[in-house]
Amino acid sequence: MKVMIIEDDMLVRMGIKSLIPWSEMGLEVVCEARDGVEAVELYERFLPDIALVDILLPRMNGLDFIEKVKPLNPDGEFVILTCNQDFETVRKSLRLGVHDFIVKSTMEIEELQLILKQLTAKMKAKLLEHHFQEEGTPEAGSRFVRKASLLRDWLHGLYNSEETEAFAEKLGEYKYFLQKGEYEAWVVALDPSQDESKLTSQEIVKIGHSIDHMAVELYRSRLIGFVENINDNRWHVLVSSTNSSDIDPKLLIDSVSQYLGHALSIAVSKRFTDWREWTVYDRFASDLLSLKYFCENDHLFQGELPEATLSDAVFIWKKAIMNKLSSFQYEQAGDLLANLKQVVGPPYPKPNLLQNVLEDILFQLKQICEMSGRRPSETYFQRSELLDCVSLTQAVHLLYNAIHVLQEPAFKEKNGHERKKFVEATEMFIQEHRFDEISLNAIAMHLKVSPVYLSRIYKEEKGISFSTAVLTAKVEQAETMIRSGMTLTEVSDKLGYLNLSSFTRMFKKIKGIAPSHYADAEKN
């Protein structure tokens, strides 16, 4: 069983961790947290069976932490570490179902060890009881939680074989999920959005639960495991693939896009017959998903892995562009850069191999800039900006703009003039293309700037994100069309939406009311 220690005093944490014979008790400390906010993030990631929680935590107290994470793991148990037991603490702890209290000032390690033994016995008894429950009972939900926890541990390498005693013992209850047949490992990822703020871990968890529920509805018994990886906005999936028509990953991609409004990419491993090899094929799928760097408009990745070496053509290209830069032939270097996608592949290499080449070019650009007496303060010259590029297209834009800075010093921002020019051009493009699909990448390419940079300065100047601006422009156009007497279906079609429900969600997001209510108000 997994244990988490949440205590801001490092000495207390070290004492608890070192003095308890965890392995002898069948327990393992999987994570430690120093404050309540960090504790929430780690709890979501590891879903421990037992959490030892200090009451007086920085940033979020212990009871608030328990209240926040308890819905994530209904079977999880909590033991309070406190300096005193006031009535309000006791009352709220009981309401939250806390197992026991330990007063730190008088705590004996034997006392804590006894509580952990009692708690472990209680949880094992509950697990045994659940083993005999039918699938249709309310206990099925907690069975699902425990199964997800087991699969997560398995994927993270805690159990590497069914011969491992601990793994065999835990697997006993869920073995019916794994029958002889064929399997596939999927890695499901949220596509990065350049023009929206980063999602919080809580938002990622909610999205993951929704995706999981959709997958259950779509694939039923074919779906064996669904494990979240919040840090990377990914989910790792194990499916039974006896009949490929039942597990088409495109169904999940389309459903999430239509009902949740999020874009997904899914990499699918080759089929395998031994379910114990899931971790191997999960890594295969993860490597396959890296091809998204080159094929940013694709959403399904199957087939061969990226190459482990760069082609001779890439090295020839690198030498040529380096020579052009060394001789200050910036225009020719820009032409070579624009041709990089054709040089790279397919077949494509591992992205990190090409990123190393691009880093070398960026370093030379930075050196040239410094040699000219200028300070390379622009974002185009920063290695971190290059590594943040999620696609080769973005990386090429970044390097192109670095070359352009050297070629045209007047291109630099002066008192915000260039910055405002880009924002105004973007605003004009949005207004003139209300009936079209508007792409930030397309505008950035036209303006010859980085999409990441354009997204940032637009939000800073306008106070709203690019995507919100696009939706607002479309809603304004929709209002005009509704007032002119057009039906909502006609408006939806004219504005390029797939269906009326998509248009309705968009309209309501901006105006706060459904378009049908708006139309009724206009008639009155």
Side-chain angles (χ1 to χ4, degrees), residues 1-17 20 22 27-107 109 111-113 115-116 118-120 122-123 126 141-142 144-146 148-149 152-153 156 198-209 227-231 233:
M1 292 183 182
K2 297 179 295 181
V3 178
M4 178 180 187
I5 302 174
I6 307 158
E7 168 62 59
D8 62 332
D9 190 320
M10 182 180 67
L11 294 178
V12 175
R13 289 202 313 273
M14 290 176 62
I16 293 174
K17 191 174 180 182
I20 297 290
W22 300 104
L27 300 173
E28 179 186 13
V29 177
V30 293
C31 59
E32 303 171 44
R34 296 162 295 182
D35 61 67
V37 174
E38 181 186 32
V40 171
E41 295 175 355
L42 291 175
Y43 193 95
E44 291 172 345
R45 189 187 311 170
F46 292 95
L47 289 181
D49 301 295
I50 302 171
L52 307 180
V53 187
D54 183 20
I55 286 288
L56 300 177
L57 291 171
R59 298 210 287 172
M60 180 188 297
N61 69 54
L63 292 180
D64 288 344
F65 156 77
I66 294 172
E67 190 169 26
K68 190 173 188 65
V69 302
K70 194 169 181 62
L72 299 176
N73 186 8
D75 281 351
E77 296 284 357
F78 301 88
V79 175
I80 292 293
L81 307 177
T82 182
C83 294
N84 54 66
Q85 293 188 39
D86 62 274
F87 176 78
E88 182 60 25
T89 298
V90 173
R91 188 183 66 82
K92 188 171 183 180
S93 299
L94 291 174
R95 179 172 61 81
L96 293 173
V98 168
H99 176 76
D100 210 336
F101 292 82
I102 292 285
V103 179
K104 290 192 288 184
S105 59
T106 60
M107 180 179 70
I109 205 67
E111 179 187 9
L112 177 56
Q113 187 172 334
I115 289 175
L116 288 172
Q118 293 171 344
L119 189 51
T120 303
K122 169 187 171 183
M123 297 182 75
K126 186 186 294 186
S142 57
F144 173 81
V145 171
R146 292 197 307 281
S149 179
R152 184 183 301 104
D153 289 347
H156 290 171
K198 187 177 179 181
L199 294 168
T200 65
S201 59
Q202 288 84 1
E203 290 171 328
I204 296 296
V205 169
K206 290 180 181 178
I207 293 171
H209 288 166
V227 177
E228 79 282 355
N229 181 349
I230 298 172
N231 288 342
N233 295 3

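Note that the structure is a prediction, hence the values are computed from the model and not measured.
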### Query
Taking the side chain from Asn73 and the backbone from Asp49, do they hold a donor-acceptor pair closer than 3.5 Å?
no
### Task
Quick one: list whatever passes side chain to side chain donor-acceptor pair (under 3.5 Å) with Asp64, sequence neighbours left out.
Asn61, Lys92
### Query
What is the distance from atom CD of Glu38 to atom SG of Cys31, rounded to the nearest 0.5 Å?
9.0 Å
#### Entry: Qualifying residue, where the test is side-chain contact (heavy atoms from CB on, under 4.5 Å) with Ile6 and the options are Leu57, Asp35, Leu42, Leu52
Leu57
### Summary
The residue among Ile5, Val29, Val3 that forms side-chain contact (heavy atoms from CB on, under 4.5 Å) with Ile16 is Ile5
### Task
To the nearest 0.5 angstrom, please state how far the CD1 atom of Ile115 sits from the CD1 atom of Ile102.
3.0 Å
### Summary
Closest non-hydrogen atoms of Met4 and Ala33, given as atom of the first, atom of the second and distance, are CE-CB, 4.1 Å
### Query
At what distance, to the nearest 0.5 angstrom, does CD1 of Ile20 lie from CG of Leu112?
4.5 Å
### Message
Lys17: which residues meet the side chain to side chain donor-acceptor pair (under 3.5 Å) condition with it, sequence neighbours left out?
### Response
Glu32
### Query
Atom CG in Leu116, atom CD1 in Ile109: separation rounded to 0.5 Å?
8.5 Å
#### Entry: Nearest non-hydrogen partners of Lys2 and Val30, listed with the distance
CG-CG1, 3.6 Å
### Task
Quick one: pull up CD in Glu44 and CD in Glu228 and give me the separation to the nearest 0.5 Å.
8.5 Å
### Query
Checking side chain to side chain contact (heavy atoms under 4.5 Å, CB included) for the pair Ile66/Ile80: CA distance, chi angles, key distance, verdict?
CA-CA 10 Å; Ile66 294 172; Ile80 292 293; 3.7 Å; yes
### Message
Just verifying a value: how many Å separate Glu28 CD and Ile50 CD1, rounded to the nearest 0.5 Å?
### Response
12.5 Å
#### Entry: Nearest non-hydrogen partners of Tyr43 and Gly76, listed with the distance
OH-CA, 4.1 Å
